[in-house]
Amino acid sequence: MTSRPRSIVVLTGAGISAESGIETFRASEGLWANHHVEDVATPQGFARNPQLVYEFYNQRRRQLLTPEISPNAAHAALAKFEHEFDGEFLLVTQNVDNLHERASSQNLIHMHGELLKMRCLNSNLIFDVNEDFDYDTRCRCCRSAGNLRPQVVWFGEMPLQMNRINRALENCDMFIAIGTSGNVYPASGFYRTAKIKKASTVELNLEQTDSSFDQRVYGPATESVPLFFESLLHS
């Protein structure tokens with residue numbers, strides 16, 4: 001590694017939270033927690049059977065809030081790096097859990113929304129939520145039932161804050177993808193944007209991929225992420 005970069009964008013995916021016990025989406029089977037994706041993670045599935053979708057996210061929220069789920073060493077290493085790094089740093093996560101926040105990350109974008117938030121379909125106001133909610137729950141702003149949905153980006157919907165993310169990618173000199181496939185969106189698109197601007201690119205993943213990142217490090221995130229970011233701080 002040569003000189004330390006001055007502006008870094010990090011993208012994290014399911015691989016960073018898997019070691020904390022968060023169940024990942026099994027793309028090869030089209031299943032997510034034993035549900036077909038089109039039933040629980042699309043606007044069409046929500047329109048067809050909202051109660052199934054509510055219960056799916058209620059279960060995931062309950063799991064996230066159990067004492068057994070906590071940030072791991074990879075989350076902690078990213079937060080430590082952010083606080084000690086003297087350049088520009090943006091952490092973008094595909095994950096809807098709150099493990100980055102709990103590890104004390106601050107400059108953070110949840111591009112796919114957040115499990116602990118709900119949104120009113122009438123006003124688009126967003127509310128924190130720690131408890132179950134469903135079709136019968138009355139909205140806090142319009143006082144109507146049936147107007148709430150999980151604040152999660154489903155397949156077919158636009159990820160959040162893409163303008164801000166793209167601006168950061170266009171101005172960074174290093175892009176790092178952690179625990180997400182480097183060959184599919186969004187990592188592939190982020191990689192291309194960063195490379196157009198001559199940024200160096202790094203992939204940290206559990207298993208080897210066929211990505212074109214400049215540097216590739218494979219192994220458990222709890223091992224590779226702390227080592228890599230500690231070395232980056234002292235480069």
Student: Under a plain distance cut-off of 3.5 Å, with no hydrogens placed, do Gln63 and Gln59 share a side-chain donor-acceptor pair?
Tutor: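 Not at all, the side chains of Gln59 and Gln63 share no donor-acceptor pair under 3.5 Å.
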Student: For the backbone of Pro71 and the side chain of His100, can you confirm whether one donor and one acceptor N or O come within less than 3.5 Å of each other?
Tutor: no
Student: Looking at Asn95 and Asp97, would you say the former's side chain and the latter's main chain have a donor-acceptor pair under 3.5 Å?
Tutor: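 No; judged by distance alone, with no hydrogens or angles, the pair does not exist.
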Student: Ring centres of Phe46 and Tyr54 under 6.0 Å apart?
Tutor: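 They qualify: ring centres under 6.0 Å apart.
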Student: Is there a donor in the side chain of Thr209 and an acceptor in the side chain of Glu203, or the other way round, less than 3.5 Å apart?
Tutor: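 Their side chains do contain a donor-acceptor pair, which is all the 3.5 Å distance test asks for.
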Student: Any ion pair linking Glu230 and Lys80 (charged N to carboxylate O, less than 4.0 Å)?
Tutor: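 Counted as a salt bridge, because a side-chain N and a carboxylate O are separated by less than 4.0 Å.
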Student: When you check the gap from the basic side-chain N to the acidic O, do Glu38 and Arg48 get nearer than 4.0 Å?
Tutor: no
Student: Within the distance-only criterion (no hydrogens, no angle test), does the side chain of Asp214 pair as donor or acceptor with the backbone N or O of Val202 below 3.5 angstrom?
Tutor: no
Student: Taking Thr222's backbone N and O only, do any of them form a donor-acceptor pair with Glu19's side chain (distance below 3.5 Å, no angle check)?
Tutor: yes
Student: Between the side chain of Asp173 and the main-chain N/O of Arg6, is any donor-acceptor distance below 3.5 Å?
Tutor: yes
Student: Quick check for you: to the nearest 0.5 Å, what is the distance between Leu125 atom CG and Arg119 atom CZ?
Tutor: 10.5 Å
Student: Are side-chain heavy atoms of Thr201 and Lys195 found at a separation under 4.5 Å?
Tutor: yes
Student: Ignoring hydrogens and geometry, is there a side-chain-to-backbone donor-acceptor pair from Asn72 to Ile16 under 3.5 Å?
Tutor: yes
Student: Do Phe81 and Phe89 have ring centroids that are under 6.0 Å from one another?
Tutor: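 Yes - the distance between ring centres of Phe89 and Phe81 falls below the 6.0 Å cut-off.
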Student: Are Glu84 and Arg4 within salt-bridge range, i.e. N to O under 4.0 Å?
Tutor: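 Arg4 and Glu84: not salt-bridged.
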Student: Hey, can you tell me if Phe175 and Phe190 have their rings parallel, tilted or perpendicular (30° and 60° cut-offs)?
Tutor: perpendicular
Student: Transitively linked via ILVMFWY side-chain contacts under 4.5 Å: Leu116 with Ile126?
Tutor: no
Student: Evaluate Glu55 against Arg62 for salt bridge (Lys or Arg N to Asp or Glu O under 4.0 Å), listing each step before the verdict.
Tutor: CA-CA 10 Å; Glu55 183 54 31; Arg62 288 180 218 134; 3.1 Å; yes
